[in-house]
A.B. asks: 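Pasting a structure below so you can have a look.
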2 protein chains.
Amino acid sequence: MLSTMSAETNLSTLSLAILGLIAQKAQSGYDVRKMFSTTPMGHFSSSPGAIYPALKRIESNGWVRGRIDNKKTLRPKLVYKLTKKGQDVLRRHLLQTVTRDDVIWHMDDLMLRFAFMGDVLEREETLRFLKEFVSEVESYLLSLRQYLNEVRESMPLNGKLAMKQGIDSYKMNATWAKGAIKEFERNRRQ
Amino acid sequence: MLSTMSAETNLSTLSLAILGLIAQKAQSGYDVRKMFSTTPMGHFSSSPGAIYPALKRIESNGWVRGRIDNKKTLRPKLVYKLTKKGQDVLRRHLLQTVTRDDVIWHMDDLMLRFAFMGDVLEREETLRFLKEFVSEVESYLLSLRQYLNEVRESMPLNGKLAMKQGIDSYKMNATWAKGAIKEFERNRRQ
DNA sequence: AATTTCATGTAACCAGTTACATGATTCA
DNA sequence: TGAATCATGTAACTGGTTACATGAAATT
């Protein structure tokens with residue numbers, strides 16, 4: 001407790017989603033909810049019970065600041081804007097290296113991170129992310145295949161097929177990321 | 001509150017995982033933890049703080065019954081066995097129709113359900129599951145593609161690529177399920 | 001006039017995380 | 001003998017879910 005710990009770079013998936021959206025454009029809780037409920041962006045709850053408290057937390061961390069719009073009319077709207085501190089936190093979060101843990105437990109976070117990089121990171125930094133992603137995914141793939149080989153004989157059909165789904169899914173992710181790298185490299189040369 | 005509601009078929013992902021494992025073979029909380037921490041089966045926390053309370057809940061629902069092994073020695077082991085009621089609950093849960101909601105929000109649950117079907121369902125029932133799965137996935141795929149087309153112009157590269165990942169992932173799932181159906185149909189004829 | 005949408009919230013509940021705690025047994 | 005593993009738990013915290021609540025403005 002004596003050290004400052006800096007920490008603060010641990011966003012929950014929901015917090016990251018909200019912060020990322022507000023980073024793109026200042027908006028209200030209702031706007032965020034609408035985004036979650038009407039677009040595929042957001043495998044997230046659009047329930048007010050999740051979003052409004054999350055916004056309060058994010059604000060109390062100093063990452064966004066709310067300002068009431070439409071003060072005159074009787075339909076106020078609390079619009080949140082990213083602060084400098086919020087920018088830093090988001091940037092630092094997006095820059096975190098991709099770990100094996102991430103690809104196993106937090107794939108959705110990784111995709112969310114990628115989706116938000118456009119506005120916040122340099123192309124080079126996004127490329128680094130994608131390369132780390134490929135490497136972690138492929139390393140995990142290897143261990144999945146190894147495991148499957150070891151237990152294949154003793155595994156019932158359903159188990160084998162379920163494992164195949166996992167392997168296929170990581171294969172697809174590696175392929176996707178390689179394609180994304182190409183896109184980014186193509187774009188750079190323009 | 002007056003009606004009996006039957007309900008009780010809502011398993012959390014963790015409860016389902018635990019119940020499914022115990023259905024395959026009577027085992028202790030520690031065994032379950034080991035399974036989660038040492039095999040790819042289980043994108044689940046192996047933390048005792050999750051598993052032991054979950055086991056208690058499951059037991060208090062009457063789905064499993066614990067019995068102390070090794071009473072003589074000083075290293076007791078609480079081994080849980082599936083009850084008739086637990087069998088029913090599991091079976092009913094696995095038989096639930098695949099909804100759009102499932103493929104959007106609970107893909108991991110669906111895979112878990114599939115993995116556990118081997119011991120509990122008839123081949124025909126598993127086939128029905130897979131066919132429903134394909135149909136829901138493809139229907140959702142359609143809407144994702146539609147959405148992408150609508151917003152493609154206005155979307156930055158990262159957004160488009162992130163959406164592509166989602167689409168690829170559902171495509172892969174549909175392909176996987178079709179393959180699984182073939183396997184099952186091949187098996188039947190033997 | 002009634003319904004839908006805009007807009008923000010709270011309260012009770014539930015389940016999972018982290019960290020801590022205990023102690024026996026086995027292995028190096 | 002010390003470390004790892006077996007084995008089961010608890011407590012405080014956190015954050016998300018469901019359901020409820022309110023009311024203005026726009027739409028039908």
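Quick caveat: nothing in here was measured; it's all calculated off a predicted structure. Residue numbers begin at 1 in each chain, while the letters A, B, ... track the order of the sequences.
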A.B. asks: Can you check the A:Leu55 CG to D:dG15 P distance for me, whole Å?
C.D. replies: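 Atom-to-atom, A:Leu55 to D:dG15, this comes out as 14 Å.
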A.B. asks: Using whole Å, report how far OH of A:Tyr52 lies from C1' of D:dG15.
C.D. replies: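 It is 18 Å, rounded to the nearest whole Å.
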A.B. asks: Five pairs per end, C1' atoms only: what is the angle between the end axes of the helix from C:dA1-D:dT28 to C:dA28-D:dT1, to 10 degrees?
C.D. replies: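 Computed angle between terminal axes is 30°.
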A.B. asks: Considering only heavy atoms, which members of residues 26-41 of chain A lie under 4.0 Å from some atom of DNA chain C?
C.D. replies: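 Heavy-atom cutoff 4.0 Å gives A:Ser28, A:Gly29, A:Tyr30, A:Arg33.
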A.B. asks: List every contact pair, protein side and nucleotides 26-28 of chain D side both N or O, where the distance is under 3.5 Å.
C.D. replies:
none

A.B. asks: Would you indicate whether the side-chain heavy atoms of A:Tyr80 and A:Gln27 approach each other to under 4.5 Å?
C.D. replies: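 No; the side chains remain at least 4.5 Å from each other.
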A.B. asks: For a salt bridge (Lys or Arg N to Asp or Glu O under 4.0 Å) check, start with the C-alpha distance between A:Glu138 and A:Lys178, then their side-chain angles and the critical distance, and finish with the verdict.
C.D. replies: CA-CA 11 Å; A:Glu138 289 186 332; A:Lys178 285 174 188 171; 2.7 Å; yes
A.B. asks: Expressed as a whole number of angstroms, how long is the span from B:Leu11:CG to C:dG16:C1'?
C.D. replies: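 Rounding to the nearest Å, CG of B:Leu11 and C1' of C:dG16 are 16 Å apart.
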A.B. asks: Can you run down the side chain to side chain donor-acceptor pair (under 3.5 Å) pairs that involve residues 161-170 of chain A, sequence neighbours left out, and say none if there aren't any?
C.D. replies: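 Of all non-adjacent pairs touching residues 161-170 of chain A, those that pass side chain to side chain donor-acceptor pair (under 3.5 Å) are A:Lys164-A:Asp168, A:Gln165-B:Asn173.
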A.B. asks: Whole Å only: how far is the CG atom of A:Leu78 from the C1' atom of D:dG23?
C.D. replies: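 After rounding, the reported distance stands at 16 Å.
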A.B. asks: Calculate the interatomic distance between B:Asp69 atom CG and D:dT8 atom C1'; express it in whole Å.
C.D. replies: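 Result: 14 Å.
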A.B. asks: Can you tell me if B:Arg100 and B:Ser139 form a side-chain donor-acceptor pair at under 3.5 Å?
C.D. replies: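 Distance-only check passes for B:Arg100 and B:Ser139.
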A.B. asks: Between the protein and nucleotides 16-18 of chain D, list the N/O to N/O atom pairs that are separated by less than 3.5 angstrom.
C.D. replies:
residue : atom : partner : partner atom : Å
D:dG16  : OP1  : A:Ser12 : OG           : 3.3
D:dG16  : OP2  : A:Arg57 : NH2          : 3.1
D:dT17  : OP2  : A:Ser45 : OG           : 3.0

A.B. asks: Is it the case that over 12 heavy atoms from other parts of the model lie below 6.0 angstrom from the CZ atom of B:Arg65?
C.D. replies: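 For B:Arg65, atom CZ is not crowded (no more than 12 foreign heavy atoms under 6.0 Å).
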A.B. asks: Taking side chain to side chain donor-acceptor pair (under 3.5 Å) as the cut-off, I'd like each qualifying pair that reaches into residues 29-39 of chain A, sequence neighbours left out, listed once.
C.D. replies: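 The answer is A:Ser28-A:Asp31.
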A.B. asks: Is there a side-chain polar atom (N or O) of A:Lys56 under 4.0 Å from OP1 or OP2 of C:dT8?
C.D. replies: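 Result: no.
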